[in-house]
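What you see is a predicted model, and the numbers here were worked out from it, not measured in a lab. The first residue in the sequence is number 1, and the count goes up from there.
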Amino acid sequence: MLPIVPPNRGGIPFHHELYWGGHTMRMSCASYFLLVALSLPATALAGEHVLEFKLVTKPMDVKVTEVANVEGQTVMSGKMFGVAFFKDGRIAVKDFVNSSDLLKGSGPIFGYSTYTFDDGSSITARYAGAVKDGKAKGEYTILSGTGTYANATGTGGFESVQSGFKGAFLYDGRFIVKTP
């Protein structure tokens, strides 16, 4: 921020002087407040924003039940955890619940996710998709948000990516976030 020199006592009362690079500049109150407002961090982003990310997830408390008399049929439900690395450099933790109904490893999945950023802002979304041939793909519907994403709505998607992780999964993800 620019250093501010006290108002010139002999000048106009609603002006401030800035000392910049060896020169004194006069500034009206409106310009002064605009400069201060522009230097403050934004608390909310109005409009539509595309957020792309890589996501690593891991089951935490999951129960898998084999269906009686249906070979290869399982129903799974439980809590999972993940970390999302966004293209803009931010990181968010993902707490979520997941449910699946798979026949020999393929079938529908759905759940609810909350992505929480280090500034405390969050995005909560429902997802629905499917697992087929060992790959998961789905769509998000943004239900709410807090902080920077207060009252957010929108959509998005995810797709699993081949990885060497044991007991964890890698995804490419995207949100199209709309904030008022």
Side-chain angles (χ1 to χ4, degrees), residues 41-180:
T43 56
L45 298 171
E48 185 174 289
H49 304 278
V50 176
L51 303 176
E52 294 180 333
F53 56 92
K54 289 278 190 193
L55 173 66
V56 178
T57 66
K58 184 171 179 68
M60 301 305 286
D61 183 17
V62 173
K63 180 172 172 86
V64 178
T65 305
E66 292 182 18
V67 177
N69 302 317
V70 182
E71 186 178 335
Q73 185 75 49
T74 60
V75 175
M76 188 274 294
S77 179
K79 293 182 181 181
M80 299 180 75
F81 180 79
V83 178
F85 301 89
F86 287 80
K87 274 193 173 180
D88 64 8
R90 294 180 304 148
I91 298 173
V93 294
K94 176 182 179 177
D95 288 300
F96 64 114
V97 293
N98 182 70
S99 185
S100 66
D101 183 6
L102 305 179
L103 177 59
K104 297 180 182 173
S106 295
I109 60 173
F110 76 94
Y112 294 87
S113 305
T114 297
Y115 290 78
T116 304
F117 296 85
D118 65 351
D119 70 353
S121 297
S122 69
I123 295 171
T124 297
R126 183 186 193 285
Y127 65 87
V131 177
K132 185 176 180 181
D133 300 324
K135 293 197 79 170
K137 186 175 185 178
E139 296 182 359
Y140 286 110
T141 300
I142 297 173
L143 304 173
S144 65
T146 64
T148 300
Y149 302 107
N151 302 311
T153 60
T155 60
F158 63 90
E159 188 167 350
S160 62
V161 178
Q162 187 69 29
S163 76
F165 296 131
K166 298 222 185 271
F169 306 95
L170 179 63
Y171 299 89
D172 285 327
R174 177 180 174 170
F175 285 129
I176 301 169
V177 183
K178 296 175 185 170
T179 52

Is any side-chain heavy atom of [X] less than 4.5 Å from a side-chain heavy atom of [Y]?
{"X": "T74", "Y": "T65", "value": "no"}
{"X": "Y115", "Y": "V93", "value": "no"}
{"X": "I176", "Y": "E48", "value": "yes"}
{"X": "N98", "Y": "M76", "value": "yes"}
{"X": "I123", "Y": "I142", "value": "yes"}
{"X": "I91", "Y": "V83", "value": "yes"}
{"X": "K94", "Y": "T114", "value": "no"}

> Would you find a donor on one side and an acceptor on the other, under 3.5 Å apart, between the side chain of S122 and the backbone of T116?
Replying inline: no
Please report the interatomic distance [atom1]([X]) to [atom2]([Y]), rounded to the nearest 0.5 Å.
{"X": "K58", "Y": "F169", "atom1": "NZ", "atom2": "CZ", "value": "8.5 Å"}
{"X": "K79", "Y": "K63", "atom1": "NZ", "atom2": "NZ", "value": "15.5 Å"}
{"X": "S77", "Y": "D101", "atom1": "OG", "atom2": "CG", "value": "11.5 Å"}
{"X": "L51", "Y": "K87", "atom1": "CG", "atom2": "NZ", "value": "11.5 Å"}
{"X": "L55", "Y": "F158", "atom1": "CG", "atom2": "CZ", "value": "9.0 Å"}
{"X": "D172", "Y": "K137", "atom1": "CG", "atom2": "NZ", "value": "11.5 Å"}

> Is the closest side-chain donor-acceptor distance between T146 and S121 under 3.5 Å?
Replying inline: no
> Do other residues, nucleotides or ligands put more than 12 heavy atoms under 6.0 Å from the CD atom of E139?
Replying inline: no
>> For the aromatic rings, using the six-membered ring if either is Trp, is the centroid distance between Y171 and F53 under 6.0 Å?
In response: no
>> The test is side chain to side chain contact (heavy atoms under 4.5 Å, CB included); show your working for V56 and F81 and say whether it passes.
In response: CA-CA 8 Å; V56 178; F81 180 79; over 6 Å; no
Which heavy atom of [X] sits nearest to which heavy atom of [Y], and what is that distance?
{"X": "P180", "Y": "A150", "value": "CD-O, 3.7 Å"}
{"X": "G105", "Y": "V131", "value": "O-CG1, 3.2 Å"}
{"X": "R126", "Y": "A128", "value": "NH1-CB, 3.7 Å"}
{"X": "P59", "Y": "V62", "value": "CB-CG2, 3.6 Å"}

> Relative to each other, are the rings of Y140 and Y127 parallel, tilted or perpendicular (30° and 60° limits)?
Replying inline: perpendicular
> F117 vs F86 aromatic rings, parallel, tilted or perpendicular, using cut-offs 30° and 60°?
Replying inline: tilted
>> Walk me through whether Y112 and F96 qualify under side chain to side chain contact (heavy atoms under 4.5 Å, CB included).
In response: CA-CA 6 Å; Y112 294 87; F96 64 114; over 6 Å; no
> Taking 4.0 angstrom as the limit, do R90 and D88 come out as a salt bridge?
Replying inline: yes
>> Show, in sequence, the C-alpha distance, side-chain angles and deciding distance for D61 and M80, and conclude whether the side chain to side chain contact (heavy atoms under 4.5 Å, CB included) test is met.
In response: CA-CA 7 Å; D61 183 17; M80 299 180 75; over 6 Å; no
